Each structure stands twice: as structure tokens, then as C-alpha cells.
Protein chains: 2
Amino acid sequence: MALGVREHVADSSRIDILRAAASCFMERGYTATSIDDVARRLGATKGRIYHHFPSKADLFAEVFRYGMDINFEALAPYRGMAGPALVRWRRMAKAHVLQMIDTKPFQRAVWLGVEMHLRGATTPEQRTVFNELIAYRDRYGAQFRETLLQAREEGAFRFDSPSIASQLMFMTLNSPIFWYSPRTGETRADIEAIADQVVDYAQGGLCKEQGTLK
Amino acid sequence: MALGVREHVADSSRIDILRAAASCFMERGYTATSIDDVARRLGATKGRIYHHFPSKADLFAEVFRYGMDINFEALAPYRGMAGPALVRWRRMAKAHVLQMIDTKPFQRAVWLGVEMHLRGATTPEQRTVFNELIAYRDRYGAQFRETLLQAREEGAFRFDSPSIASQLMFMTLNSPIFWYSPRTGETRADIEAIADQVVDYAQGGLCKEQGTLK
DNA sequence: TTGACAACATACCGGGTAGTATGTTCATCA
DNA sequence: TGATGAACATACTACCCGGTATGTTGTCAA
């Protein structure tokens, strides 16, 4: 506690690095991003980064972890929420979409991390760290899948394969990280309207009724 | 014509390189893929690749172009198709999804190319080549958007922002390039069933009617 | 005041990679 | 049949990047 100020300064510096790294990873991908790139964005040099993170892979992992941390926080208010599953699902979905918009660089990094893990582009040691992060991410996804199945039982959703439905749903809810970019003079209400459109689309897709047109 | 055989052999070798390159780009991304990686996958050396393509960027561009070429071919049967726009849309959408599944490596490369272009990760000279390819891809997307708007006029679809609707639709229809992978013993009918689920989801999302639940 | 340490910056090294320059082989054609 | 060039393989270079080893500076506790 006596060193509270010092620690706070150090933590702030760490988070600045994470933010810069997330933006770089978003703009150029993992491999194409050099440590010097991240340092340059900070107006600093490699020394600063390697003082806080042992390696590039570790830096990336921390960006991933931070991104998932704030995702869990955004979803926390709806854990164990009473009432119809569909209502809870809508609240969760909108919170998720807004999160994608508000913290795009970190969410792109999470996406990158999942991709890298799927194609096994990691060394055996990094593998254990990655496995933990992927498990972390799966726990997050499980909250949605659970609500999804519950809503189906309550008759609000009707889909065949839960796994495909889940993939399509996440694809929709995550998609703003690829196509959203802020407009000049955009208000918070505008952003919420976009989020609502995304959630509506997903909801419509999850209670398909047609399919009779061959 | 006298050299038809020779040309055919050369073309075949070229396409083999394109296929290997597409797979490598899919598995490791653009930057992390080395020319030696592609050569190794072919059981060859760099010489073979640089004999057919002047640079790594050009190789990638040709993979992109080939991917779009076969996309246009897959959609050709439905150009100017008569009848309701919704029916045409469903045919086009299903053809697109099947194409994503059948030629995944090339489609992932196209995705990569669009991402690279969006973040301007190209040299000025490559820029003109890329601009052409992106325009090529936009022409492809325009076929869908046109049908989309027509279907809305006919009352089959109802969405607010055409641009967001288009983004969400393509996100859905493209998504198999990220999550689909062939199962052992999978029949063509199984694949078509998956494609139908994807198309149904997109259709449901495009004619949302709810949204009254806040 | 002083030593000690955190928080960086600077200088450097080794491995990997895009691209090139130069063989080598084999089919084709005059 | 000999020459020519396509279709590669081999050998090499220059450069970039991850990582390390070593300064330098400001701050805080004693």
C-alpha cells in the first residue's frame, strides 16, 4: 500500500502497452506486427516492452486475456437473471455487440488468438498458456450456448444443430469487429441502433420458420 | 495450338502452385507464410515458384483472383434468373455457401486479401493490383445486394440499413470458411444440409419482424 | 545524502526470409 | 542432331525482426 502510487503508474504503463499492442495486432496481424511497431506507436523503444513482457507471444497472450476479462465484466450483470431466456439472451447479445464495438482492437486480438490456436501456430510451451485462454473463452461462450438452449426449450428459438446455430450466432454478434468503424458525429444512440440491428438479425436467424421454399 | 500440350502442362503446374499457396495462406496467414513453405508443400523449391510468379505479393494476388474467378462461375447460372427475387436469392446464397465449403483455402485467401486492403498493408505498386481485385470482389457483392434490395421491394425481406444487412448477410454466408471442416463419412447430402441451415439463418435474419421486446 | 531499484533507452547478435544470380535437365523444332 | 529455351534446382545476399546484454535516469526509503 505504501507503494500504491508506484504500482499504479506501472500498471498504467502496462495497460498502455496492451492497448498499443492490440491496435497493432488488429492493423497488421500477429506475425506482421513487430515489437518495434508497438514501441513506435507508444513513442518508446523495445526496452519498455521487454521490461513488462518476457516475449512477443506473452504480450499477445496478455492482450487476449485482457480482452476476455472485460468481456466477462460486460456480461456479469446478466448472470442468473430471472425471467424468459429470450429476454436474457437479448440483453447478453446486445451487451456483447456493444463490447465488440467499444473494444474492437482487443476483440480482434481475441479472434486472432482463436485462429492461431485452431491452426496450431504456437510452440509447445505457449500451447499451455493458449489452452488456458481458449478454455477461458469457451467458458464465456458457454454462457451464451446455455441461454440459447434454454430459449429453444421455451419455444423462442428453433434451430436444428445447436453447434451450427451457436457458430452462426457468434459470427453475427462478433461481426462488428470487422465492419464497424465510427462515423463522425456519431452519437451513442446511433451505435445502440446498430447494435439493435445486429441483435435483431441474429434473433431472426435463430427462429427460422421458413425453409419451405426449397 | 501446336504448343497446346506444353501450355497445358505449364498451366497445370501454375494451378498446383496456387492451390498449395492458398492452403499455406489459410493455415498461417500471409506474412507467416514463406515462399519456402509453399515450395515445401509442393515437394519443390523456390525456383519453381519464382519461375511462375514475380513476387510473393503477386502470388497472393493470383490466388485472390482465382478464388474470385471461381466464385463468379458458381453464381453465373442465376444471373438474370426470372421469378421472385427471394427464390433467386436463395439459389445464389446456397451456391455461395457451397462454394465457401468446397474451396475454403481460396476463400480464406480472399478474406485475407480484403483485410489486408482495408488496413492498407500494401506497397503503392501492389495497391493498384489490389484495387482492381477489390473492385472485382465488389462487383460480385453487388449481385447479391441488388437481389437483396429487390427482395425487399417485393416484401420478402425487411431490414433498415441495406449496408448493415449486406454486411451481416455476407458474414453469415462466408462463415463456413472459419468453422466448417469435413467430417469422416460425410456425404454430399450432409454438406447440403449444412448449407441449407446457413441460408435459412440468413433468410430469417433478413426478414426480422420482432424487435418489439426491446 | 546516498544507495538501490524500477523503468526505461541503446547497442548488438543470430536466425529466418524475400529476392536474385546462376546452374542443370529435358523436350521440342529447325 | 544440335541448338534453344522452358522449367525448374542450387547457392548466395541483404535485410528485418525477436531477443539479450548493457547503459542511463529518475525516484524513494533509510
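Below, read A as the first sequence line, B as the second, and so on, with proteins coming before strands; counting in each chain starts at 1. Because the structure is a prediction, the values reported are computed rather than measured.
The interatomic distance linking A:I49 (CD1) with C:dT10 (C1') rounds to 15 Å, in whole Å. Look at CG on A:D16: it is 14 Å from C1' on C:dA7, rounded to the nearest Å. Protein atom CZ of B:R48 is 20 Å distant from nucleotide atom P of C:dT20, rounded to whole Å. To the nearest angstrom, P of C:dA6 lies 7 Å from NE2 of A:H51.
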Could you run down the sub-3.5 Å N/O contacts of the protein with nucleotides 15-18 of chain C?
{"from": "C:dA18", "atom 1": "OP1", "to": "B:T33", "atom 2": "O", "distance (Å)": "3.3"}
{"from": "C:dA18", "atom 1": "OP1", "to": "B:K56", "atom 2": "NZ", "distance (Å)": "3.1"}
{"from": "C:dA18", "atom 1": "OP2", "to": "B:I35", "atom 2": "N", "distance (Å)": "3.0"}
{"from": "C:dA18", "atom 1": "N7", "to": "B:K46", "atom 2": "NZ", "distance (Å)": "3.0"}

Tabulate protein N/O versus nucleotide N/O from nucleotides 13-15 of chain D, keeping only pairs under 3.5 Å, one per line.
none

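Checked against salt bridge (charged side-chain N to carboxylate O under 4.0 Å, His left out), B:E62 has the following partners two or more places apart in sequence or in another chain: B:R14, B:R65. Under the rule for a side chain to side chain contact (heavy atoms under 4.5 Å, CB included), the partners of A:Q150 that lie at least two apart in sequence or sit in another chain are A:A85, A:R88, A:E154.
For the pair B:L173/B:M100, no side-chain contact is recorded, criterion being any heavy-atom separation below 4.5 Å from C-beta on.
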Atom pairs and distances, donor-acceptor, side-chain atoms in residues 72-81 of chain B, under 3.5 Å, two or more places apart:
none

Enumerate, atom names and distances included, each donor-acceptor pair closer than 3.5 Å involving a side-chain atom of residues 34-45 of chain A, sequence neighbours excluded.
{"from": "A:S34", "atom 1": "OG", "to": "A:D36", "atom 2": "N", "distance (Å)": "3.4"}
{"from": "A:S34", "atom 1": "OG", "to": "A:D37", "atom 2": "N", "distance (Å)": "3.0"}
{"from": "A:S34", "atom 1": "OG", "to": "A:D37", "atom 2": "OD2", "distance (Å)": "3.2"}
{"from": "A:D37", "atom 1": "OD1", "to": "A:R28", "atom 2": "NH1", "distance (Å)": "3.4"}
{"from": "A:D37", "atom 1": "OD1", "to": "A:R40", "atom 2": "NH1", "distance (Å)": "3.1"}
{"from": "A:D37", "atom 1": "OD2", "to": "A:R28", "atom 2": "NH1", "distance (Å)": "3.3"}
{"from": "A:D37", "atom 1": "OD2", "to": "A:S34", "atom 2": "N", "distance (Å)": "3.1"}
{"from": "A:R41", "atom 1": "NH2", "to": "A:E27", "atom 2": "OE1", "distance (Å)": "2.7"}
{"from": "A:R41", "atom 1": "NH2", "to": "A:E27", "atom 2": "OE2", "distance (Å)": "2.8"}

_Worked verdict on B:Q107 versus B:N174 for side chain to side chain donor-acceptor pair (under 3.5 Å)_ = CA-CA 8 Å; B:Q107 306 308 326; B:N174 287 333; over 6 Å; no
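Using a cut-off of 4.0 Å between Lys/Arg side-chain N and Asp/Glu carboxylate O, B:K94 and B:D200 are scored as not salt-bridged.
Here D:dC8 is the nucleotide among D:dA9, C:dC8, D:dC8 with the atom lying nearest to any side-chain atom of B:H52.
Nearest-nucleotide positions on DNA chain D for B:A44 and A:G47 put B:A44 closer to the 5' end.
For D:dA7, the OP1/OP2 oxygens have no side-chain nitrogen or oxygen of B:S13 closer than 4.0 Å.
Put simply, the side chain of A:S175 gets close to the backbone of A:T172: a donor and an acceptor are under 3.5 Å apart.
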